[in-house]
Amino acid sequence: YNLPAKKLFKHNDWNKGRIECIGSVLRTFINGMPAGNVVDNLTSSGFIALQVHAVDNAEEVGKTVRFRNVRIQIENLQPSPADEIFVLNLLPNELSNQEKKNGVKLLWDGKTTNGWRGAYKEKFPEKGWEISDGALGVVKSSGKESQNGGDLVTVNEYSAFDLQFEFK
């Protein structure tokens, strides 16, 4: 949710929208300001759609939605310069160039136990945890998972941070 970009939207006036899709990066802009940044590999091609929604507010009934200057560039694409907005990255254990510029670092590489150890232990637990398909998982242990491998902590300590993670 990008409040500065939301404030740039001009109600009942023309707005300039821009969508930049290059590789796995999809960025949106409203009136020249970055509004969203998503990195994923779910869909590499598709249709362009101009979508409208039903109106629930009686004051909005009968108003016209208009589009103009709809154009597309498909050759010689260059990504816009990196900015500082939040990146929603759905690629497992990878950082986009913008995340790197924003100072985001991988806390876990998806392959090794580097940077982690067992709680109250000097090293990573020898049992109770497994790495598979880029995910770190607890090995089933008849309800005694906390005793089998125990909790994990980072090797380094942190104070001020923005921690991002997926869990299942």
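Predicted model, so just to flag it, every value in this text is computed and none were measured. Every heavy atom of this structure was used, including side-chain atoms; hydrogens, water molecules and symmetry mates were not.
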Step-by-step side-chain contact (heavy atoms from CB on, under 4.5 Å) determination, Trp116 to Val155
CA-CA 5 Å; Trp116 293 87; Val155 170; 5.6 Å; no

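- Contact check for Asp151 versus Tyr120: no side-chain heavy atoms found under the 4.5 Å cut-off.
- Using a 30° and 60° split on the angle between ring planes, Phe167 and Phe165 fall in the tilted class, from 30° to 60°.
- Residue Val87 comes nearest to Ser96 through the heavy atom pair CG1-OG, 3.9 Å, listed as atom of the first residue, atom of the second, then distance.
- In this structure, Ser80 and Arg18 approach most closely via the heavy-atom pair OG-NH2, 2.7 Å.
- Taking the charged nitrogens against the carboxylate oxygens, Asp83 and Lys101 have no contact shorter than 4.0 Å, which rules out a salt bridge.
- A continuous path of Ile, Leu, Val, Met, Phe, Trp and Tyr side chains, each step under 4.5 Å between heavy atoms, connects Trp108 with Tyr158, placing both in one hydrophobic cluster.
- A continuous path of hydrophobic side-chain contacts links Val52 to Val70 [ILVMFWY only; heavy atoms under 4.5 Å].
- Looking at Gln73, its side chain does come within 3.5 Å of a backbone N or O of Glu75 through a donor-acceptor pair.
- Listed here is the closest heavy atom pair of Pro34 and Ile85: CB-CD1, 3.9 Å.
- A salt bridge is absent between Lys168 and Glu166: the closest approach of a Lys/Arg side-chain nitrogen to an acidic carboxylate oxygen does not fall below 4.0 angstrom.
- A distance of 8.5 Å separates NZ in Lys100 from CG in Leu106, rounded to the nearest 0.5 Å.
- Atom CD1 of Ile19 sits in a sparse spot, with 12 or fewer heavy atoms from other residues, nucleotides or ligands closer than 6.0 Å.
- For the pair Thr112 (side chain) and Asn114 (backbone), a donor-acceptor distance under 3.5 Å is present.
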Can I get a per-line list of side-chain donor-acceptor pairs under 3.5 Å for residues 125-135, giving both atom names and the distance, sequence neighbours left out?
unit_1	atom_1	unit_2	atom_2	d
Glu126	OE2	Lys123	NZ	3.0
Trp129	NE1	Gly150	O	2.9

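- Considering only heavy atoms from C-beta on, Leu26 comes within 4.5 Å of Thr28 through its side chain.
- When side chains are defined from C-beta on, Gln98 counts as touching Arg27, because their heavy atoms get closer than 4.5 Å.
- The side-chain heavy atoms of Leu95 and Val104, taken from C-beta on, include a pair separated by under 4.5 Å.
- Scanning all heavy atoms of the two residues, the minimum distance from Asn15 to Asp13 falls at ND2-O, 3.1 Å.
- Rounding to the nearest 0.5 angstrom, the gap separating the CZ atom in Phe86 from the CG atom in Asn37 is 9.5 Å.
- The closest side-chain heavy-atom distance from Gln164 to Asn89 is not below 4.5 Å.
- Test Val39, Val38, Leu42 against Ser24 for side-chain contact (heavy atoms from CB on, under 4.5 Å) and you get one pass: Val39.
- Once rounded to the nearest 0.5 Å, the distance linking CG of Leu136 with CG of Leu152 reads 6.0 Å.
- The line from CH2 of Trp14 to CZ of Arg66 is 6.5 Å long, rounded to the nearest 0.5 Å.
- Hydrophobic clustering, with ILVMFWY side chains joined whenever heavy atoms are under 4.5 angstrom apart, keeps Val153 apart from Leu107.
- Phe124 does not carry Arg117 over the face of its six-membered ring by the limits of under 6.0 Å from the centre and within 45° of the normal.
- Other residues, nucleotides and ligands place no more than 12 heavy atoms under 6.0 Å from the CD1 atom of Ile74.
- Here the shortest heavy-atom pairing between Ala5 and Ile30 reads O-CG2, 3.4 Å.
- The distance from atom CD of Gln51 to atom CZ of Phe67, rounded to the nearest 0.5 Å, is 9.0 Å.
- A donor-acceptor pair under 3.5 Å links the side-chain atoms of Asn31 to the main chain of Leu8, judged by distance alone.
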